[in-house]
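Given the structure is predicted, the values throughout are model-derived calculations rather than measurements.
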Amino acid sequence: MSLVDGLVRELRATGVPVALSEHIDAARALTATDRFDRATLKAVLRATLIKDATRQPTFDLVFDLYFADQPGPARESDGSPLARLSDAALRAALAGALSAGDHELLRRVIAVLVDRHAGIEPGLPVGGTVYQSRTMRAIGPIGLRAALRADRNESTDLDRRLAADRADAAVLRTQREVAAEIRRRLVADRGAAAVAGTLRRPLPEDVDLLRGGQGEADALHATIAPLARKLAARLTAKRRHAARGVLDFRRTIRRSLSAGGVPAQPVLRPRRPAKPRLVVLADISGSVATFAAFTLRLTHALRTEFASVRSFVFVDGVAEVTDVFAEAAGDLAAAARIINDRSAGVWLDGRSDYGNVLRTFRDRFSAGLSPRSTVLILGDARTNYHEPGADALAAIAARAGQLHWLNPEPRSSWDGGDSVIGRYTRHCTSVVECRTIRQLRGFVESLD
């Protein structure tokens, strides 16, 4: 199997779709590429195999595994000049290489530090996280940052900020170079396929929204914004297709002349539907904390795509937070802090009560709904065994044009325990499992 075949196989294993035609394009492109020019080779394969910018970090990692450079030449046992230096001298050489932009020296110094401190054990099926931690501990990021700023002229606040940014970027580069060197060692020991299996992570679009960490939630931001635009476009198109318009009398009579004056085929004036009005109800209870972060991001992204977005959050009560997003002026973290400070959506004990939420929304807010309104409810429909309030949901659905429910739990868990999603389904335009961005994309695509 060629390296390109292995690369494609691993990309598919991580969830990156690579069609057979794209695989063939990559193989053909290599015939016109200098395979010893690693940067060009990487650019060619990325252009032929990757069609979504959010998947480029995954491609970069897999490429580095299958087309790895050889491990750094400096080894302590080699007797090279760098290998004979003390740790303090190596740290000074590392800072000098970073300041001078000397990539070759940087790589050789890191190779010695990895050889001396990583403690790599051949044959172990590991991804190298511990090895990276040991090496970075020996380097000392805080001391390295200080060394990089030692000779800088920081006479003004701007100088200090720029120097701090440069030092932070250099430390980040060091971390990446250490990780790359360790990956090269692991690939040389066990092969690219074996190492890839230990490093494999879900794509951002496949991260479980109920269980993903904060770092994974942050990675979703670039994926959500395009989906918000597509959702707005789909809902607008749906309204346009459904619109019938009013009778155009003059054009109907004119067309009837071809049928002897019989108006057999009425002509309707095309309607120009405005953007739909969106109402979002988002569950922010503790049981769906990570999903709540996702719903706030989605709500934030949707604000710019619809003529009107009213945003509500709920736990055992419901509160409108439309003004919060406007007040935060695009700062999602600030919006989240305001919502927390207000204890928005909490009524009594802060335990989910969908029945009270739906009844409160019906009584206080549903008068603002119309056939132009699309209601989007994001929540797990777990009521803590309170009365579910399905009649209130029915009243809300009757006023709105569409009502879609996105549930972050796997379908196999629906209607188990205190889940009452089945009681709500009959009143919804659609109820979909939405545990990942990929499933959210599927929901958007289904809005024909």
J.: Can a donor-acceptor pair be found between the side chains of H386 and D418 at a distance below 3.5 Å?
T.: no

J.: What distance do C428 atom SG and Q402 atom CD have between them, rounded to the nearest 0.5 Å?
T.: 12.0 Å

J.: Check for a donor-acceptor pair, side chain of T31 on one end and backbone N or O of A27 on the other, with a separation under 3.5 Å.
T.: no

J.: Keeping the roles fixed (side chain from T135, backbone from Y131), state whether a donor-acceptor pair exists under 3.5 Å.
T.: yes

J.: So F361 and L369, do their side chains get closer than 4.5 Å, heavy atoms only?
T.: yes

J.: Would the number of heavy atoms belonging to other residues, nucleotides or ligands and lying under 6.0 Å from CZ of R423 be above 12?
T.: no

J.: Using atom types as modelled and distance alone, determine if a side-chain donor or acceptor of T33 lies under 3.5 Å from a backbone N or O of A29.
T.: yes

J.: Could R183 and D60 be called an ion pair, given the rule that one side-chain N must be under 4.0 Å from one carboxylate O?
T.: no

J.: Quick one: does Q439's side chain get under 4.5 Å of T436's, heavy atoms only?
T.: yes

J.: State yes or no: are the ring centers of H404 and F443 separated by less than 6.0 Å?
T.: yes

J.: Mind running side-chain hydrogen bond (donor to acceptor under 3.5 Å, both in side chains) on Y354 and D380 for me, showing each step along the way?
T.: CA-CA 10 Å; Y354 275 76; D380 59 4; 3.2 Å; yes

J.: Ignoring hydrogens and angles, tell me if any N or O in the side chain of R134 forms a donor-acceptor pair with the backbone of A118 under 3.5 Å.
T.: yes

J.: How close do R116 and D87 get, heavy atom to heavy atom, and via which atoms?
T.: NH1-OD1, 2.8 Å

J.: Considering non-hydrogen atoms only, spot the tightest contact between T322 and S311 and give its length.
T.: OG1-N, 2.9 Å

J.: Can you check whether L94 reaches L90 side chain to side chain, under 4.5 Å on heavy atoms?
T.: no

J.: Using a cut-off of 6.0 Å, state whether more than 12 heavy atoms not belonging to R46 lie near its atom CZ.
T.: yes

J.: Decide side chain to side chain contact (heavy atoms under 4.5 Å, CB included) for R185 and V114; before the verdict, give the C-alpha distance in whole Å, the side-chain angles of both, and the deciding distance to 0.1 Å.
T.: CA-CA 10 Å; R185 304 277 181 102; V114 167; 3.8 Å; yes

J.: Hey, mind stepping through L98 and L144 against side chain to side chain contact (heavy atoms under 4.5 Å, CB included) and telling me if it holds?
T.: CA-CA 10 Å; L98 288 166; L144 177 60; 4.0 Å; yes

J.: Kindly indicate whether the side chain of L41, heavy atoms from C-beta on, has any atom under 4.5 Å from the side chain of L30.
T.: yes

J.: So does I142 have more than 12 non-hydrogen atoms from other groups sitting under 6.0 Å from CD1?
T.: no

J.: Does the side chain of L281 come within less than 4.5 Å of F314's, by heavy atoms?
T.: yes

J.: For E387, check side chain to side chain donor-acceptor pair (under 3.5 Å) against everything at least two apart and list the hits.
T.: R359

J.: Checking S86 side chain against A89 main chain: does a donor-acceptor pair fall under 3.5 Å?
T.: yes

J.: Calculate, to the nearest 0.5 Å, the distance between atoms CZ and CG belonging to F59 and L7 respectively.
T.: 5.5 Å

J.: So which atom in V109 and which in A93 form the shortest heavy-atom distance, rounded to 0.1 Å?
T.: CG2-CB, 4.0 Å

J.: Are R107 and E104 within salt-bridge range, i.e. N to O under 4.0 Å?
T.: no

J.: Let me confirm one number: the CG-CD1 distance from L393 to I377, rounded to the nearest 0.5 Å.
T.: 5.0 Å

J.: Taking atom CZ of R108 and atom CG of D102, what is their separation to the nearest 0.5 Å?
T.: 10.5 Å

J.: Closest heavy-atom contact between S285 and V315?
T.: CB-CG1, 3.9 Å

J.: Any donor and acceptor pair, going by atom type alone, linking the side chain of T48 with main-chain N or O of L45 inside 3.5 Å?
T.: yes

J.: Compare every heavy atom of D37 with every heavy atom of T40, then report the nearest pair and how far apart it is.
T.: OG1-OD2, 2.7 Å

J.: Might you work through the salt bridge (charged side-chain N to carboxylate O under 4.0 Å, His left out) test for D323 and R342, ending with a clear yes or no?
T.: CA-CA 12 Å; D323 65 315; R342 291 184 181 180; 3.2 Å; yes

J.: Taking 4.0 angstrom as the limit, do E433 and R435 come out as a salt bridge?
T.: yes

J.: Would V279 and L376 satisfy side chain to side chain contact (heavy atoms under 4.5 Å, CB included), going step by step from the backbone distance to the final call?
T.: CA-CA 6 Å; V279 177; L376 197 61; over 6 Å; no

J.: Among pairs that include at least one residue of residues 15-30, which meet salt bridge (Lys or Arg N to Asp or Glu O under 4.0 Å), considering only residues two or more places apart or in two chains?
T.: E22-K51

J.: Specify the closest pair of heavy atoms between A95 and L148, including all atoms of both residues, with the distance to one decimal.
T.: O-CD2, 3.6 Å

J.: Would you call L378 and V280 a side-chain contact if the rule is heavy atoms closer than 4.5 Å?
T.: yes

J.: Tell me, do L440 and L406 make a side-chain contact under 4.5 Å, heavy atoms counted?
T.: yes

J.: Could you please spell out the steps behind the side chain to side chain contact (heavy atoms under 4.5 Å, CB included) verdict for I396 and L403?
T.: CA-CA 8 Å; I396 295 168; L403 190 153; 4.0 Å; yes

J.: Measuring only between side-chain heavy atoms, which start at C-beta, is V318 closer than 4.5 Å to L358?
T.: no

J.: Tell me yes or no: between the side chains of H103 and R173, is some donor less than 3.5 Å from an acceptor?
T.: yes

J.: As an exercise, state the distance from CD of E10 to CG of D5, rounded to the nearest 0.5 Å.
T.: 13.5 Å

J.: Closer than 3.5 angstrom, by distance alone: can the side chain of Y424 be matched with the main-chain N or O of W405 as a donor-acceptor pair?
T.: no

J.: Please check this pair: side chain of R12 against backbone of V18, looking for a donor-acceptor N/O pair closer than 3.5 Å.
T.: yes

J.: Keeping the roles fixed (side chain from R382, backbone from G416), state whether a donor-acceptor pair exists under 3.5 Å.
T.: yes

J.: Quick one: does N356's side chain have a donor or acceptor within less than 3.5 Å of a partner on D316's backbone?
T.: yes

J.: Could you grab the distance from atom CD1 of I120 to atom CG of D115, nearest 0.5 Å is fine?
T.: 8.0 Å

